[in-house]
Amino acid sequence: SQGGSQPIRQVGRRHDPFRAPPQLQNSSINLAKQAYSKRSDEGFERLAPIIHRLSEALARLGRFGANDRILDISQSLELMFRPKGGRISQQLQDGMAELLGVDETHKDDIRAAIKQFYDVRSAIVHGATDARRKRNLEDRQSAFISGLNLTQQALFKMLLSDAGVRD
């Protein structure tokens, strides 16, 4: 074939990622440096696959990218909290609430967000077999955002705490 041409975006025209870069907080930079300094600890070895899964979730594209992002995050959560037996969703809800919650209202909000996230994950894994699961699949984007945010918070807390990880 003769090939083709692809239009390119020029800085200053349609898209310029440097026009309004996000402002980093000094406290965030210091927390990241503190977490990075612990990379040789034993706890980090167990958290490394979680970090990898979360970075994969951010890079997923393609036909099944939205579903794969949710599955990467759910795998991260399960690696963090290692639920045993049944009622995995409830164990993840309780683990996240205990780790991140500051009071009972906040813990209830975290439980609700994790439940909604895990319901979307279940609809992906088990199929949208009924109206409720079909509605859950429509919430993939919000589930991804809340799941990623909560999982990142939990990961940072585990990295920065002396306890390291949950057993």
Side-chain angles (χ1 to χ4, degrees), residues 6 9 14-15 17 22 24 28 31-32 35-36 38-39 41-161 163-167:
Q6 293 290 326
R9 291 183 167 182
R14 294 185 190 136
H15 176 70
L24 294 176
S28 298
L31 279 175
Y36 185 74
K38 294 188 173 198
R39 70 191 179 283
D41 293 354
E42 284 181 31
F44 183 82
E45 290 297 318
R46 189 167 104 56
L47 295 175
I50 298 165
I51 295 166
H52 177 75
R53 280 282 166 207
L54 288 177
S55 64
E56 287 289 316
L58 293 171
R60 296 284 185 188
L61 299 172
R63 181 175 176 197
F64 300 107
N67 291 350
D68 290 342
R69 286 189 289 270
I70 298 287
L71 298 178
D72 282 333
I73 293 171
S74 68
Q75 194 170 20
S76 296
L77 284 171
E78 291 182 28
L79 286 168
M80 278 183 191
F81 293 100
R82 298 179 177 179
K84 302 200 179 6
R87 304 190 62 197
I88 292 172
S89 176
Q90 187 64 49
Q91 292 178 54
L92 295 177
Q93 291 171 44
D94 293 341
M96 287 290 276
E98 287 304 313
L99 181 64
L100 298 177
V102 294
D103 59 27
E104 283 308 312
T105 304
H106 189 228
K107 288 179 182 181
D108 289 342
D109 291 343
I110 291 170
R111 282 187 188 95
I114 295 298
K115 180 182 182 334
Q116 192 263 340
F117 171 82
Y118 210 78
D119 286 348
V120 171
R121 175 250 174 228
S122 294
I124 292 168
V125 171
H126 302 294
T129 55
D130 58 21
R132 181 180 57 88
R133 284 193 173 164
K134 286 178 183 172
R135 278 193 311 275
N136 285 336
L137 283 179
E138 294 172 5
D139 292 336
R140 274 185 290 225
Q141 185 62 24
S142 64
F144 168 72
I145 292 168
S146 67
L148 180 66
N149 287 337
L150 287 170
T151 306
Q152 285 176 327
Q153 290 174 39
L155 176 63
F156 256 90
K157 190 158 188 178
M158 287 179 173
L159 278 170
L160 296 172
S161 73
V165 295
R166 303 281 166 178
D167 286 322

Verdict with reasoning, R82 to R46, per side chain to side chain contact (heavy atoms under 4.5 Å, CB included): CA-CA 11 Å; R82 298 179 177 179; R46 189 167 104 56; 2.4 Å; yes
Smallest separation among heavy atoms of H106 and L100, with atom names: CE1-O, 3.4 Å
Inter-residue atom distance S122.OG - I88.CD1, 0.5 Å rounding: 9.0 Å
K115 side chain reached by R111 side chain, heavy atoms, under 4.5 Å: no
Over all atoms of both residues, closest heavy-atom pair of L77 and M96: CD2-SD, 3.8 Å
Backbone N/O of R69 and side chain of R60: donor-acceptor pair under 3.5 Å: no
Step-by-step salt bridge (Lys or Arg N to Asp or Glu O under 4.0 Å) determination, R135 to D139: CA-CA 7 Å; R135 278 193 311 275; D139 292 336; over 6 Å; no
Shortest non-hydrogen separation from I110 to G101 and the atoms involved: CD1-N, 3.7 Å
Atom pair CD1/OG of I51 and S76 - distance to nearest 0.5 Å: 9.5 Å
Where I70 and F117 come nearest, the two heavy atoms and their spacing: O-CZ, 3.4 Å
Inter-residue atom distance Q93.CD - F81.CZ, 0.5 Å rounding: 11.5 Å
Heavy-atom donor-acceptor pair, Q91 side chain to G86 backbone, under 3.5 Å: yes
Rounded distance (nearest 0.5 Å) linking atom CG of L148 with atom CG of L58: 5.5 Å
Separation between CD of E56 and CG of D72, rounded to the nearest 0.5 Å: 6.5 Å
Donor-acceptor contact present, side-chain E78 to main-chain P83, <3.5 Å: no
Exercise: do N149 and Q153 side chains pair donor with acceptor under 3.5 Å: no
Check: R121 and I73 side chains under 4.5 Å, non-hydrogen atoms: no
Backbone N/O of L71 and side chain of R53: donor-acceptor pair under 3.5 Å: no
Over all atoms of both residues, closest heavy-atom pair of A113 and L150: CB-CD1, 3.7 Å
CD on Q75 to CG on D68, rounded to 0.5 Å: 11.0 Å
